[in-house]
Amino acid sequence: MKHTLPKLPYSFNALEPYIDAKTMEVHYTKHHQAYLDKFNAVLEKYPHLQDRPAEDILANLKNLAVDEADRNTIRNHGGGYVNHNLYWSIMAPQKEIDQRLVEQINGEFGSVDEFKKKFTEEATKHFGSGWTWLVRKPDGKLAVYSLLNQDSPLTQGDTPIMAIDLWEHAYYLKYQNRRADYINAWWNVLKLV
Ligand code: MN
């Protein structure tokens, strides 16, 4: 069974002016689609993996019985597939605050503002392509960190909660070199907090 693109929960222009419609369209129909296609293509060689959830495959990446080159393809394109699934799902034109998450953030970071400051700093200082993550560790605690490329926190045993895509394709049409402006604007369409 092939993995499929999730339906976008809003229109391409729904996150304007913070994320422009053209970026959304290209990002979803070209970039996300390409990660998905290459993920499905590599899985064709491994029938025993085809019915496993993508998240489960990434969580077990180190132990999969696959060629090393294919493990890398799964890391990059399987990661790209699941990371973008999350990215679309945590954004919205209107806030849908997750009160339990806010309470945990208040407990561990002091306040939502302190958390946003830490997350923004982490994203701003990240060099090159990648993502900044809020994850839940196996012990239930929250953590903020960045990973390169399409590496998923699932691969290191953490559960992704939210993430910002720091690849240039996520913002370059509108923001060009002003990545900090994109990061600051993104909080307006992050629905959870
Ligand atoms: Mn992307």
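These numbers come from the heavy atoms of this one structure, side chains and all, not from hydrogens, waters or symmetry mates. All ligand and atom numbering here is 1-based and tracks the order in the structure.
Around the Mn ion (ligand 1), protein N, O or S atoms at less than 2.8 Å number 4.
Judged as a ring-ring contact (aromatic ring centres under 6.0 Å, His included), and not counting sequence neighbours, His126 has no contacts. Asn184 meets the side chain to side chain donor-acceptor pair (under 3.5 Å) test with no other residue; sequence neighbours excluded.
Residues Asp20 and Lys174 are not paired through a salt bridge, judged by the lack of any N-O separation under 4.0 Å between the basic side chain and the carboxylate. The pair Glu68-Arg71 meets the salt-bridge criterion, with a side-chain N (NZ, NE, NH1 or NH2) lying under 4.0 Å from an Asp/Glu carboxylate O.
Counting only residues at least two apart or on different chains, the side chain to side chain donor-acceptor pair (under 3.5 Å) pairs with a member in residues 36-45 are Lys2-Glu44, Gln33-Asp37, Lys45-Asp70.
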Should Glu108 and Gln104 be marked as a side chain to side chain donor-acceptor pair (under 3.5 Å) after you check the CA-CA gap, both sets of side-chain angles, and the distance that decides it? CA-CA 6 Å; Glu108 293 190 28; Gln104 190 174 5; 2.9 Å; yes

